[in-house]
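One structure is given below, encoded as structure tokens.
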2 protein chains.
Amino acid sequence: MTTLTGVTDSATAKGEQTRELILSTALRLFREQGYGKTTMRAIATEAGVSVGNAYYYFGSKEHLMQAYYDHLQAQHQEVVDTILAEEKVFTRRLGGVLHSWLEVARPYHEFAGTFFKTAAEPTSPLSPFSEQSKPAREASVAVFRQVVDGSDLKLPAELKAELPELLWLMQMGIVLFWVHDDSQDLRRTRALIDRSVPLVDRLLRLTRIPGVRGVVNDIVGLVRSVKP
Amino acid sequence: MTTLTGVTDSATAKGEQTRELILSTALRLFREQGYGKTTMRAIATEAGVSVGNAYYYFGSKEHLMQAYYDHLQAQHQEVVDTILAEEKVFTRRLGGVLHSWLEVARPYHEFAGTFFKTAAEPTSPLSPFSEQSKPAREASVAVFRQVVDGSDLKLPAELKAELPELLWLMQMGIVLFWVHDDSQDLRRTRALIDRSVPLVDRLLRLTRIPGVRGVVNDIVGLVRSVKP
DNA sequence: CCTCAATTTTGAACATGTTCAAGTAGGGGC
DNA sequence: GCCCCTACTTGAACATGTTCAAAATTGAGG
């Protein structure tokens, strides 16, 4: 563990280690028995620390969840980099990114509902719209900017600038669907992606039709006005 | 309180009364101090019953919330009936329905987040997608079927049949926005509605353009395949 | 090695949603 | 009038997230 400030390095090293221990224990228990059935006491015991100590590093049980989400996103980013390096066709890039998210998140599908539950609360720092999760959100949007920018897609600049945010919203919708999807092997979510992606592609091509252009501009304007 | 079965009438009358008492007390406290700060003990005490008794009528604190939601929806339905009786223009019907929902739900805006929190959980019976809330959901979709059917809108039958469900989804989106909206007097949500409604109208008119027709059919097909 | 302040750790105490075994009330059948 | 059954009511006990004052540890400076 190397940091920029050599002074605090060793000072934080111990704490950092404990933090990691608690976090990994929590994630394991979440996966093994679900979020609801995992108690803070169990996490602490299993990690060999006191309950209070867990709260020293994580303000709440939800914060442990947040940490998991960061972890998941980092993993996804890695996979995405590999995919996007090799593929230039827009639909395949988008489909690849969405499907790979499913892959990465699969082990957590069972208790993902709980994550969404907390995420939906506007006052929660975990809300994807909150100020605190802005970095995570922007990283997520950035993935879709990668998708768009490196692709063969030809679009008016205005739309192209707004598109990543729209695709992010699309993914939010897919995740919402995924959370509720209890079909075998997530077949339904996969089908949703496979049907949505070409649809998005066709929608984007429609913007060339003159009558459509105006509506698209309105949509872009609406999204833009709604953002801050 | 008159019921169809005279025999059980007086038998249930007492319980029904207690139930109402607990419910109204809970809603009042929710409004006065928010959902989170209202304890089951406080509800019970204020209603003059024991904690256990509250649980006899409502399986959980969330069920009290569910009851509130039903209440809100019934209120909205009333207002909607008035509006739709007088207005035939599609955009005004849709706008009226959406704005009146804001009006009805206003007193609960502060703690609505908590409702959404529980609603987002897929395993929760309160989830708008759950089997248990099917009646409530269908009632909600029915409102939008009213909006469409009684309007001056001219559409292909296929789209017209699917439209209420799509408008319901649109409202879900608006409610999600509303939950996170802390602007003065809900200005931002109002603006969202005022910009979205004409946009929807224009989108629907676009379906007359031949090149657009195919995409619309695909969208309808996607929505249909995703529903069950 | 000693001191001291900051960091880390502890576990008991607290708040609150929920459960449950036990009690009460009332009415129908005899 | 008594019994019994169902519906209802109770409050103490429980489970679990969270807090906090106090104790332990650490590392830098002397």
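Letters A, B, ... are given to chains in the order of the sequence lines, protein chains preceding strands, and every chain is numbered from 1. All of these numbers come straight from a predicted model, not from anything done at the bench.
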**Request:** Between D/dT18, C/dT18, C/dT9, spot the one nearest the side chain of A/Y57, thanks.
**Result:** C/dT9

**Request:** Could you state the atom-to-atom distance from CG of A/L64 to C1' of D/dT16 in whole Å?
**Result:** 15 Å

**Prompt:** When the distance from CE of A/M65 to C1' of D/dG17 is rounded to whole Å, what number comes out?
**Reply:** 14 Å

**Prompt:** Any Lys/Arg nitrogen of B/R93 or B/E87 sitting under 4.0 Å from an Asp/Glu carboxylate oxygen of the other?
**Reply:** no

**Residue-phosphate contact under 4.0 Å: A/T18 side-chain N/O, C/dT8 OP1/OP2** = no

**Request:** Anything under 30° is parallel, anything over 60° is perpendicular, the rest tilted; go ahead and classify A/Y35 against A/F30.
**Result:** tilted

**Request:** Mind calculating the distance between OH (B/Y56) and C1' (D/dG11) to the nearest angstrom?
**Result:** 17 Å

**Item:** Gap between atoms OH and C1', on A/Y55 and C/dG11 respectively (whole Å)
**Value:** 14 Å

**Message:** Evaluate B/Y68 against B/Y108 for ring pair (Phe, Tyr, Trp, His ring centres under 6.0 Å), listing each step before the verdict.
**Reply:** CA-CA 10 Å; B/Y68 139 69; B/Y108 305 93; 4.4 Å; yes

**Residue whose nearest DNA chain C nucleotide is more 5′ - A/A54 or B/N53** = A/A54

**Asked** Taking NZ from A/K61 and C1' from D/dA15, how many angstroms apart are they, rounded to a whole number?
**Response** 11 Å

**Fill in**
Rounded to whole Å, CZ of A/R19 lies from P of C/dT7 at a distance of 16 Å

**Message:** Checking A/Y69 now: which residues fulfil ring-ring contact (aromatic ring centres under 6.0 Å, His included) with it, not counting sequence neighbours?
**Reply:** A/F115

**Summary of salt bridge (Lys or Arg N to Asp or Glu O under 4.0 Å) pairs that have at least one residue in residues 165-184 of chain B, sequence neighbours excluded** = B/E165-B/K227

**Request:** Using heavy atoms and a sub-4.0 Å distance, could you list which residues of residues 24-50 of chain A are near DNA chain C? By number, please.
**Result:** A/R41, A/V49, A/S50

**Prompt:** Does any donor atom in the side chain of A/Q146 or A/Q77 lie under 3.5 Å from an acceptor atom in the other side chain?
**Reply:** yes

**Request:** Measure from CD on B/Q17 to C1' on D/dC8 and round the result to the nearest Å.
**Result:** 14 Å

